[in-house]
Number of protein chains: 2
Amino acid sequence: MRSQSRVEKNDPITITLTDRLFDKIQRAIVEGEIPSGSKISEPELARQHGVSRGSLREAIGRLEARKLVERKPNLGARVVTLSYEQLIEIYQVREALEGMAARLAAQNMSDKEIEELQLLLDQHGRQIEEQHGEAYFQKQGDLDFHYRIVQGSKNHHLIGLLCNDLYHLLRMYRYQFGMRSKRSSQAYDEHHYLLNAISSRDPEMAELLMRQHIRSSRRNVERMLLEN
Amino acid sequence: MRSQSRVEKNDPITITLTDRLFDKIQRAIVEGEIPSGSKISEPELARQHGVSRGSLREAIGRLEARKLVERKPNLGARVVTLSYEQLIEIYQVREALEGMAARLAAQNMSDKEIEELQLLLDQHGRQIEEQHGEAYFQKQGDLDFHYRIVQGSKNHHLIGLLCNDLYHLLRMYRYQFGMRSKRSSQAYDEHHYLLNAISSRDPEMAELLMRQHIRSSRRNVERMLLEN
DNA sequence: TTCTATATAATTGTCGACAATTTGAGATAT
DNA sequence: ATATCTCAAATTGTCGACAATTATATAGAA
């Protein structure tokens, strides 16, 4: 009696030590606990987490692949330095990829998924009415919404690029640049139109609206950063 | 007299052992020398290349980041299995990213870069006239053209995603699916229109044309694969 | 025969040590 | 004082060995 809760035997739930390390360090970097631009000392980090340097290096390698750290041979790894220019670049990539995701979602999302997304959006609407102006908790909701549309594209490459790479970088900027948006009700409206296009199965319109949505989000960020 | 040929001292020309390993294995995978879908045995590969398992594992990690191999804990790494579905996914991502690249190139390429690209394109035109139908060598030219436009976007994120990740996967499909296109003269025409849009500094049109170009390239591939 | 259980072999994950390179401090020369 | 050289300390790159997990072969039960 071995495979009781595991339906088949080909699902590796195994979580390796490097996996945990990777998660912990990624969180520390995203939340700014390890400062942006700082050097990463392998011996020190390894000691802190009570792990060998080999495992640590493997974790750093993955961080590098996600562009959270940069590595130079014989010089070591540094946390990426956040910059206005890089943030703009990220938004441009995001516009392209999420636009395509919305287009595909309009074609490939199941009716059930659309229905659930509608429910989520309604919930956001109520939250906005209740906590009027307190757009803090709303930020997570925004990510949820985008996350589901990306999943709905059913394109695994696209999903990986956005959910595994870009979104972590974005979260890092949100944390460290203190990017709380004061346009949650406008964003809600835009989400609403977008979902309409998707449930109408209109790929062209879905992509258009998603790109506008991200562009206006970018303009908002630009304005906010220029104030400082 | 130490820094003679090195202008500054902050340029790591150092090529580590893992770097070389990574390049060699990547080439072997892309060209099908290590068959798609096959398991990668760490001890064996390490022995073959006369290197320790640690270095090899680091190289495999990078391959994984480029989506050329897939890894499961305790089960090892396998070369990705090529599939029609995945190829379509890649083309969709490519359409989104290169479309944006063309848009940005229309804004950011220097006049000099545009001029040089024009020269490259003229050269392609002559090659097509000479070796009529022999579209084999032309394939590299196609990649060159796209490569330069991506560079012209000046968006480092975009450049990395396309040139470091996607293009290698694409080359792998080209090698192993035997994707030689018989539409080199049509592709040439499309390149011509696209370059016109760029030199007219028309981002909207540049993106549109690039996306059409990639879509028709995708349709060509689909047709070709359905014949087999 | 077919299936299960067990033991053995092979592979992957993790570790500590050594080699190569870079960093930094102190000494010497200009 | 500034600059250059030298040498020790620290850091990264690479390696081989051990531990944990999985795959394989064999024997026994249905």
Side-chain angles (χ1 to χ4, degrees), chain A residues 1-26 34-35 37-65 68-80, chain B residues 1-26 34-35 37-65 68-80:
Chain A
M1 192 60 71
R2 181 172 161 276
S3 40
Q4 190 171 20
S5 59
R6 293 168 64 175
V7 183
E8 287 292 336
K9 64 175 176 181
N10 56 356
D11 47 301
I13 321 181
T14 328
I15 293 196
T16 174
L17 177 54
T18 305
D19 291 332
R20 272 192 293 274
L21 247 188
F22 171 66
D23 286 339
K24 278 202 284 186
I25 302 180
Q26 170 168 262
I34 304 178
S38 69
K39 182 165 176 353
I40 291 181
S41 163
E42 291 183 2
E44 186 182 334
L45 251 192
R47 191 184 47 73
Q48 280 183 12
H49 294 265
V51 80
S52 94
R53 256 187 66 222
S55 305
L56 181 87
R57 278 171 66 84
E58 192 152 332
I60 291 183
R62 294 197 211 168
L63 268 326
E64 185 187 20
L68 291 175
V69 314
E70 287 171 350
R71 222 178 197 175
K72 286 178 183 170
N74 290 321
L75 296 184
R78 311 189 78 90
V79 179
V80 287
Chain B
M1 191 61 70
R2 181 171 162 277
S3 39
Q4 189 171 22
S5 58
R6 292 168 65 175
V7 183
E8 286 290 336
K9 65 176 175 182
N10 56 358
D11 48 298
I13 319 181
T14 326
I15 293 198
T16 174
L17 177 55
T18 305
D19 292 332
R20 272 192 294 274
L21 248 187
F22 171 66
D23 286 340
K24 278 202 285 185
I25 302 179
Q26 171 168 259
I34 304 178
S38 68
K39 182 164 175 356
I40 291 180
S41 163
E42 292 182 2
E44 187 182 333
L45 250 192
R47 189 185 48 73
Q48 278 181 14
H49 294 265
V51 81
S52 95
R53 256 187 66 223
S55 305
L56 181 86
R57 278 170 66 81
E58 192 152 332
I60 291 183
R62 293 196 211 168
L63 268 327
E64 186 187 19
L68 291 175
V69 314
E70 288 172 349
R71 221 178 197 176
K72 288 179 181 169
N74 290 319
L75 296 183
R78 312 189 78 91
V79 179
V80 287

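Just so it is clear: chains get the letters A, B, ... in the order the sequence lines come, proteins before strands, and each one is counted from 1. Below, all heavy atoms of this structure are taken into account, side chains as well, without hydrogens, waters or symmetry copies.
Between A/Lys39 and D/dA10, a side-chain N or O to OP1/OP2 separation shorter than 4.0 Å is absent. When the side-chain nitrogen and oxygen atoms of B/Thr14 are compared with OP1 and OP2 of C/dT21, none of them lie within a distance under 4.0 Å.
The interatomic distance linking A/Leu75 (CG) with D/dT11 (C1') rounds to 10 Å, in whole Å. Separating the CD atom of B/Glu44 from the C1' atom of C/dT11 is a distance of 12 Å, rounded to the nearest angstrom. For the pair A/Lys72 NZ and C/dT23 P, the interatomic distance rounds to 11 Å; values are reported in whole Å. Rounded to a whole Å, the CZ atom of A/Arg20 is 14 Å from the P atom of C/dG13. Atom CG in A/Leu45 sits roughly 14 Å away from atom C1' in D/dT12 (whole-Å rounding). Between the P atom of C/dA10 and the CZ atom of B/Arg47 lies a distance of 14 Å, rounded to the nearest Å. Rounded to an integer number of Å, the gap from CD of B/Glu42 to C1' of D/dG16 is 14 Å. Between the CG atom of A/Leu21 and the P atom of C/dC15 there is a distance of 9 Å, given to the nearest Å.
Across A/Ser38 and A/Pro35, no two heavy atoms sit closer than the pair OG-O, 2.8 Å. Considering all non-hydrogen atoms of both residues, A/Leu21 and A/Ala59 come closest at CB-CB, 4.2 Å.
By the side chain to side chain contact (heavy atoms under 4.5 Å, CB included) test, B/Asn74 pairs with A/Thr14, sequence neighbours left out. A search for side-chain hydrogen bond (donor to acceptor under 3.5 Å, both in side chains) contacts involving A/Arg53 returns A/Glu42, not counting sequence neighbours. Every residue two or more places apart in sequence or in another chain was checked for a salt bridge (Lys or Arg N to Asp or Glu O under 4.0 Å) with A/Asp23, and none qualifies. With sequence neighbours left out, the side chain to side chain contact (heavy atoms under 4.5 Å, CB included) criterion links B/Glu64 to B/Val69, B/Arg71. Partners of A/Thr16 under the side chain to side chain contact (heavy atoms under 4.5 Å, CB included) rule, at least two apart in sequence or in another chain, are A/Thr18, A/Asp19, A/Arg62. Taking the side chain to side chain contact (heavy atoms under 4.5 Å, CB included) definition, one finds that A/Ser41 meets it with A/Pro43, A/Glu44, sequence neighbours left out.
Contacts between residues 49-57 of chain A and DNA chain D, defined by a heavy-atom separation under 4.0 Å, are made by A/Arg53, A/Arg57.
Residue contacts for A/Ile40: at a heavy-atom cut-off of 4.0 Å it reaches the sugar-phosphate backbone alone, with no base atom in range.
At its two ends the helix from C/dT1-D/dA30 to C/dT30-D/dA1 runs along axes set 20° apart, each axis drawn from five pairs and the angle rounded to 10°.
Considering only the side chain of B/Asn74, C/dT12 comes nearest among D/dT12, C/dT12, C/dT23. For A/Thr16, whose side chain is taken as the heavy atoms from C-beta onward, the closest listed nucleotide among C/dG13, D/dT14, C/dT22 is C/dG13.
Here the NZ atom belonging to B/Lys24 is positioned 10.0 Å from the CG atom belonging to B/Leu45, to the nearest 0.5 angstrom.
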